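Quick notes on the structure that follows.
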2 protein chains.
Amino acid sequence: MNAKKISLKDIASKAGVSTALVSYVLNGKEKESRVGHEIAKKIKEIARELNYQPNHLAKSLRSGKTHTIGLVIADISNPFFANIARVVEDEAKKSGYTVIIGSSDEKAEKAWDLLNVLINRQVDGFIIVSSEHSESHIHYLKERNIPFVLLDRHFPDLQTDFVATNNYKASYDAGVHLINGGYERIGIIAYRSDMYHMQERVRGYQQALKDHKFVFKNNWLKEVRFENIEQEVKTAIDEMTSTEDKVDAIIFATYGLAINGLKYINELKLRVPDDLAIVSFGQAEVFDLYYCPITYLKQPLELLGKTSVEFLLAKLKNPDEGMKQILMEAKLIARDSSMAKTSSPVT
Amino acid sequence: MNAKKISLKDIASKAGVSTALVSYVLNGKEKESRVGHEIAKKIKEIARELNYQPNHLAKSLRSGKTHTIGLVIADISNPFFANIARVVEDEAKKSGYTVIIGSSDEKAEKAWDLLNVLINRQVDGFIIVSSEHSESHIHYLKERNIPFVLLDRHFPDLQTDFVATNNYKASYDAGVHLINGGYERIGIIAYRSDMYHMQERVRGYQQALKDHKFVFKNNWLKEVRFENIEQEVKTAIDEMTSTEDKVDAIIFATYGLAINGLKYINELKLRVPDDLAIVSFGQAEVFDLYYCPITYLKQPLELLGKTSVEFLLAKLKNPDEGMKQILMEAKLIARDSSMAKTSSPVT
DNA sequence: TTTTTTTGTTTAATCGATTAAACTTATATT
DNA sequence: AATATAAGTTTAATCGATTAAACAAAAAAA
């Protein structure tokens, strides 16, 4: 009944040879180790017959390689990360790697715990979506010589491999797109964060205004705290839409901000895009299905995920591999939520 | 620079004792093994000093326990599964377990591959969202005595632990809700599948009609193939809305079906709920943000996930634990998409 | 025929942690 | 003083696979 695990030893004794031979044969080293032709065949047969499955733990203990990579993200229940995770999983599997995913909730402390759990589990390397204040983690990994690739976010002052989006450019494009559509009082809602990717999103937006001779008003930039997103997004929108400078367009710097913002905009019965035009980072079904489909900045998820795996595996194969950094372009997908004002010139 | 791994042996030699003592002390067995008080203290100190982290592989190889569980789902990029995964991850972590997630894409073959990869990685047990035609997997796990719990879906003819939703009841509720709202020609779009959970969703709907003396028309039940969902949902809706029996309400049996359906309904410029009322299984931001918020059957995600982990861990602790099966209730969240017809009695 | 080379196979150490059993001392009992 | 018990520590086997090194037997070269 209880078909227990088959080990090399079982095969060896059944074939009447030592475990060494079995190991050689089953690892395709019969040539180098000149195993007898007959006996090799027999071993293979028995292995198949008993449905032998090698014990990864033993293999890993010996080799020091687990063929496992740790993927640290903010939250697997966020569609952006869920999609990335899926790509990473598939890509890793192609090379025989298994992925262990952990959610940090954007908290450095959780991320640190995760990192340590996974290090103890002997993952071969990491793909990390960093959270704020986690520079020390990076230093630690470097010191310990643990291979890793930063994904989606990076620290400009740290020398690391990374695969990310050109957020400055994306945000700049969003700004220009709205300006070209005739919008004149464009605001942005971002997270209050020191993270570079967030700063870049704000900077791109501001540069777009500046390049088009728009005077940026402080009231147009709202930075909300992740921990209190729902309330603060509401306040932000209230403030942006109530003064005499009230905005006619908002850029949401993340998917989560957009969801909260749109809900509140619905509550306020503001019409998109007539009362308020919208452009958002992220991508999800909800942007398609909103009554007025939402213009968004589509990040190359697939490519981001694939490339990060590729970089990491290259590094695992050859630890002396040079540093690799890539910024990819997001694509602005124009929809009705940022439709050009009819009274304005369109480009 | 390259701070290499600290092992028991390193501590032992630094303390001038054997590894046995170190192991005893670090596992809190100094009492049973009557380790000297002095030496115990010294060992602990050195361990802390060197920041000793035990090697999980070695531990696992010896103990046969990896403290890892495999979570097999259809697709991590589907929000339903992503949310479940998050709950499972958090719950498992509380007990020191790590989760490895794999996506099967509803394909038995992929699920089988996954299962085997994870078995080779020596996971202690599985939480599985089954796909069609995977009964044999269940038999295999039982034969091999590998602990597992089925989540969200189960096979009524197989004796297994499971944690799932009462789909019959949920669907019945949806039907009754629409009937009470005055809808008279209610259709359902489901997957063409032998899976019990899907059958139950159809059955509940049909029973609701029957109990209210509605005559069920074949044209009101559409079963589409997962592989060709986009096209077939369109066809289904076309057929349901074009004949003389055309439906005035549709129940979508899954989130994915609803997304595709709503997109097409938008294309057709059908108004919800005036032209077509909607109730859907699943839950996601998009249901809130649709111009007419969608009535949905809210499954107790949190509880499903938690309970499945609980069941599995109980079984891991005590393999002779009796079989556990739970059906949980989904809750119908009524929104505008199924608003009662004004000309009809409301309940 | 003797020596060398080739071919085929086994032995044993290793990865790192655990733990039953063996082994010393020291202390208690008779 | 002789013996039993307790206290403290080490030895060595084990988990399963890998692989360098040792070994034995057969074939080739001298």
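These numbers come from a predicted model, not from an experiment. Lettering of chains follows the sequences in order, A, B, ..., and the numbering in each one begins at 1.
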So if I apply the side chain to side chain contact (heavy atoms under 4.5 Å, CB included) rule between B/F162 and each of B/L151, B/L150, B/I128, B/I326, which one comes out positive? B/L150
Close approaches to DNA chain C from residues 10-22 of chain B, in residue order (heavy atom, under 4.0 Å): B/T19, B/A20
Selection: residues 113-125 of chain A, any non-hydrogen atom under 4.0 Å of DNA chain D: none
Tabulate below the donor-acceptor pairs under 3.5 Å that side-chain atoms of residues 304-313 of chain A make, not counting sequence neighbours, or state none.
residue	atom	partner	partner atom	Å
A/T307	OG1	A/L303	O	2.5
A/S308	OG	A/L304	O	3.3
A/S308	OG	A/G305	O	2.7

If only atom types and distance count, is the side chain of A/S103 paired as donor or acceptor with the main-chain N or O of A/I73 below 3.5 Å? no
What residues 48-65 of chain B contributes to the DNA chain D interface at heavy-atom separation below 4.0 Å is B/L61, B/R62
Tell me, which pairs form a side chain to side chain donor-acceptor pair (under 3.5 Å) where one or both residues lie in residues 59-81 of chain B, sequence neighbours left out? A/R86-B/D75, A/R121-B/T68, B/T66-B/D124, B/D75-B/S77
For residues 40-62 of chain A, which residue pairs qualify under ring-ring contact (aromatic ring centres under 6.0 Å, His included), counting only residues two or more places apart or in two chains? none
Among pairs that include at least one residue of residues 28-41 of chain A, which meet salt bridge (charged side-chain N to carboxylate O under 4.0 Å, His left out), considering only residues two or more places apart or in two chains? A/E30-A/K44
Please check: side-chain N/O of B/S7 versus main-chain N/O of B/K9, any donor-acceptor pairing under 3.5 Å? yes
When you check every protein heavy atom under 4.0 Å of nucleotides 21-29 of chain D, what one-letter string (B, S, -) results, 5' to 3'? ---------
Do any pairs count as a ring-ring contact (aromatic ring centres under 6.0 Å, His included) and have a residue in residues 123-146 of chain A, sequence neighbours left out, and if so which ones? A/W112-A/H137, A/W112-A/Y140
Salt-bridged, A/E91 to A/K94, with N to O below 4.0 Å? yes
Just call it for B/S7: base, sugar-phosphate, or nothing, with non-hydrogen atoms closer than 4.0 Å on any strand. sugar-phosphate
If only atom types and distance count, is the side chain of A/E106 paired as donor or acceptor with the main-chain N or O of A/E132 below 3.5 Å? no
Would you mind reading off the bend of the helix from C/dT1-D/dA30 to C/dT30-D/dA1 from its two end axes, five pairs each, to 10 degrees? 70°
What are the 5'-most and 3'-most nucleotides of DNA chain C lying under 4.0 Å from any heavy atom of chain A? C/dT7 to C/dG16
Kindly state each residue pair satisfying salt bridge (charged side-chain N to carboxylate O under 4.0 Å, His left out) with at least one member in residues 107-117 of chain B, sequence neighbours excluded. B/D105-B/K110
